[in-house]
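A quick write-up on the structure given underneath.
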Amino acid sequence: MSKVDVLVIESDAVRAQSIVAALQFLGYHPQRGEECAAAADSTHAWRAVFVGTIGDAEEAERQFALLGSAAAHVPVLLAADSAWAPRLNAASSPFAARVGRVDFPLRYEQLAETLRSLYARLLGGGRRGEMRFVGGSQPMMRLNALIRQVAPFDSSVLVLGESGTGKEMVARTIHECSPRRDKPFVAINCGAIPAELLESELFGHEKGAFTGAISARKGRFELAEGGTLFLDEIGDMSLTMQVKLLRVLQERVFERVGGAKSQRCDVRIIAATHRNLEQAIANGQFREDLYYRLSVFPMELPALRERLEDLPVLIDEFNQRLARRGLGRVRLGASALQALNGYAWPGNVRELCNLVERMAILYPQREVRACELPEKYRGHVTMEEANGGAALLAMMDVQQPAASSAEAARTGVDPMLLPEGGIDLKDHLADIEVGLIRQALDVTGGVVAHAAKLLRMQRTTLVEKLRKYGLQSGGLAA
Ligand SMILES: Nc1ncnc2c1ncn2[C@@H]1O[C@H](COP(=O)(O)OP(=O)(O)OP(=O)(O)O)[C@@H](O)[C@H]1O
Ligand SMILES: [Mg+2]
């Protein structure tokens with residue numbers, strides 16, 4: 001039987017049932033405190049405690065004591081209306097820094113996010129606060145549960161997924177949620193380093209080992225000692241190197257290039273590839289024995305098109321990253337979001353991240369309409385789709401503007417209708433002008449002369465308008 005890992009202190013049976021079910025769904029093994037007889041159960045490896053309705057205070061104290069020494073460090077999931085809320089949240093409370101709020105009726109997404117951020121705070125020491133690994137879709141919740149399950153162990157992990165799906169981010173998250181988090185995370189792209197250099201990159205070399213080796217140098221295995229080594233694009237590694245890597249994985253020893261001394265290493269391996277390794281094995285390009293060594297715990301990342309419901313939360317995360325770099329937030333209007341929902345995202349999350357940054361530079365602090373997206377992203381919004389997309393927008397909790405004309409259906413805004421409260425005509429026309437100029441620049445890759453041609457105006461007139469609207473910034477008009 002699996003170890004119990006979350007203690008549930010909740011005297012309301014209905015609530016207890018729902019929190020237990022939710023935690024189980026997320027991959028935990030919760031148990032109600034009233035069903036745990038004694039603290040002697042040393043098999044318990046507590047990872048969290050839930051504190052909800054306190055029926056009998058004395059009984060609740062007994063249950064809390066079941067945590068034993070874990071009470072000093074485990075995250076606390078606290079029902080917003082718990083009688084213990086003031087005690088646990090108090091500034092002087094030793095729990096204050098590791099309390100996460102839980103509301104009823106329970107929402108899986110909120111619970112998963114609360115746990116994720118609590119672990120990030122506790123285990124990652126705040127370092128990862130810079131870059132949050134987000135996504136509340138079913139596939140991402142499953143992935144999060146897997147990350148948490150595998151993180152504490154030293155098992156090798158093989159992360160599979162299309163380009164840009166977040167493979168490196170998963171590797172870093174596993175490292176930061178593992179007991180190795182205070183030791184280095186070292187990444188190496190096995191596909192980008194020429195085969196003849198990879199060996200010395202991985203294992204280091206002694207002085208004079210080869211022409212140009214003017215001094216001894218540590219390899220990535222040594223640099224990652226005690227921590228995690230991320231072998232990216234492992235599918236691109238030559239067969240010769242695969243043999244050498246297999247030996248280190250089996251024996252945990254290696255030698256520097258040109259060196260005779262064997263060195264022991266304590267490194268957790270996480271490998272990733274966008275290639276189909278089973279196919280590569282069939283083609284004789286990848287060793288089967290290495291594959292089994294690496295894929296003790298395989299993880300497949302879903303493509304972004306399979307979890308489009310994550311778009312808003314990802315966009316929000318990228319906006320926050322941009323804000324930290326001093327760039328403006330980008331707001332995507334209903335029509336733009338709808339267009340992005342119809343796109344196939346071959347470059348996955350990385351492509352979305354790049355698009356958000358580009359839009360933030362082009363349209364800082366204002367809403368972007370579908371017609372302002374680069375052409376390939378708006379291609380999918382036909383009039384019919386735009387009209388029939390209301391349900392999707394409702395699902396995404398996005399306000400759909402009143403639309404009556406074809407233009408409105410395409411862009412979500414009807415520029416020909418006078419709004420109820422009137423309009424500042426000069427500003428409105430300027431907006432339209434700026435929008436069209438931006439599109440022209442977009443289509444022509446920022447070449448002003450070509451954009452001017454598209455807009456049927458003199459280049460000098462366009463330059464003047466760019467100056468007037470402050471559009472030169474961001475390198476656009478270059
Ligand atoms: N779930 C996520 N939450 C937040 N950001 C993400 C997520 N997934 C990916 N990203 C971001 O998307 C970008 C690409 O992620 P990453 O480099 O991990 O992908 P990858 O699969 O290793 O890509 P490649 O195949 O191109 O090497 C990074 O900026 C990363 O921070
Ligand atoms: Mg990568």
Side-chain angles (χ1 to χ4, degrees), residues 26 109 112-117 119-120 124 127-148 150-151 157-177 185-193 198 220 228-237 269-277 280 294 298-325 327 329-330 332 340 343-361:
L26 294 175
E109 203 176 309
E113 175 54 25
T114 305
L115 276 162
R116 199 205 56 71
S117 60
Y119 282 116
R127 278 173 300 171
R128 217 160 48 78
E130 288 278 298
M131 289 246 216
R132 298 186 321 133
F133 184 68
V134 301
S137 59
Q138 286 282 341
M140 288 306 280
M141 301 252 283
R142 273 198 294 274
L143 187 74
N144 261 315
L146 285 180
I147 290 175
R148 270 194 311 275
V150 77
V157 177
L158 179 62
V159 190
L160 301 164
E162 289 178 17
S163 149
T165 42
K167 298 184 291 294
E168 179 156 354
M169 221 177 160
V170 164
R172 284 184 189 277
T173 310
I174 293 173
H175 172 74
E176 282 166 17
C177 292
F185 174 90
V186 176
I188 180 164
N189 186 329
C190 306
I193 296 176
L198 189 56
R220 310 287 169 109
T228 304
L229 180 60
F230 176 52
L231 300 171
D232 203 0
E233 299 307 349
I234 189 85
D236 296 348
M237 189 181 259
I269 302 289
I270 303 182
T273 181
H274 67 277
R275 293 192 189 282
N276 180 337
L277 285 187
L294 292 172
M299 261 185 205
E300 180 115 31
L301 297 203
L304 183 55
R305 66 184 161 281
E306 290 160 17
R307 52 185 184 98
L308 289 167
E309 62 268 45
D310 285 338
L311 279 178
V313 53
L314 282 166
I315 292 168
D316 189 53
E317 164 65 10
F318 297 142
N319 264 325
Q320 290 181 29
R321 289 186 196 172
L322 290 174
R324 285 195 291 270
R325 287 167 50 199
L327 281 154
R329 285 180 79 83
V330 66
L332 294 172
L340 299 186
Y343 182 66
W345 298 106
N348 292 292
V349 188
R350 184 190 301 288
E351 184 179 0
L352 175 66
C353 181
N354 293 343
L355 176 70
V356 171
E357 176 163 350
R358 185 168 166 195
M359 293 294 102
I361 293 169

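When a ligand or atom number is given, it counts from 1 through the structure's own listing order.
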Does ligand 1 have any atom sitting under 4.0 Å from a heavy atom of Gly135? no

Within-shell test, Arg132 vs ligand 1, heavy atom, strictly < 4.0 Å: yes

Could I get the full list of salt bridge (Lys or Arg N to Asp or Glu O under 4.0 Å) partners for Asp310, not counting sequence neighbours? Arg307

If we ignore hydrogens and angles and just use 3.5 Å, is the side chain of Glu113 paired with the main-chain N or O of Gly136 as donor and acceptor? no

Can you name the nearest heavy-atom pair linking Glu351 to Tyr343, along with the distance? OE2-OH, 2.6 Å

Met140 neighbourhood, listing ligand 1 atoms whose heavy-atom distance to it stays under 4.0 Å: 1 (N)

Over all heavy atoms of both residues, which pair between Met140 and Phe133 is shortest? Give the atoms and the distance, please. CE-CZ, 3.5 Å

Side-chain (Trp345) to main-chain (Leu340) donor-acceptor, under 3.5 angstrom: yes

What is the closest protein heavy atom to atom 10 (N) of ligand 1, and at what distance does it sit? Val349 CG1, 3.5 Å

Contacting atoms of ligand 1, where contact means under 4.0 angstrom from a heavy atom of Met169: 4 (C), 5 (N), 6 (C), 7 (C), 10 (N), 18 (O), 30 (C), 31 (O)

Within ligand 1, which atoms have a heavy atom of Val134 less than 4.0 Å away? 1 (N), 2 (C), 3 (N), 4 (C)

Side chain, backbone, both or neither: which part of Arg321 has a heavy atom under 4.0 Å from ligand 1? side chain

Sort and list the pairs that fulfil side chain to side chain donor-acceptor pair (under 3.5 Å) and have at least one residue in residues 158-168, not counting sequence neighbours. Glu162-Arg305, Glu162-Asn348, Glu168-Arg172

If you take the nearest heavy atom of each of Cys353, Ala272, Ala187, Gly166, which one is closest to atom 19 (O) of ligand 1? Gly166

Once you round to the nearest 0.5 Å, how far does CG of Leu294 lie from CG of Leu231? 7.5 Å

Enumerated ligand 1 atoms positioned under 4.0 Å from heavy atoms of Phe133: 1 (N), 2 (C), 3 (N)

To atom 20 (P) of ligand 1, the nearest of Glu233, Glu357, Glu162, Lys167 on a heavy-atom basis is Lys167

Who's closest to atom 27 (O) of ligand 1 heavy-atom-wise, of Arg350, Arg307, Glu168? Arg350

Nearest 0.5 Å, what's the CG-CD distance between Leu146 and Glu300? 11.5 Å

Heavy atom under 4.0 Å from ligand 1: found in Leu314's side chain, backbone, both, or neither? side chain

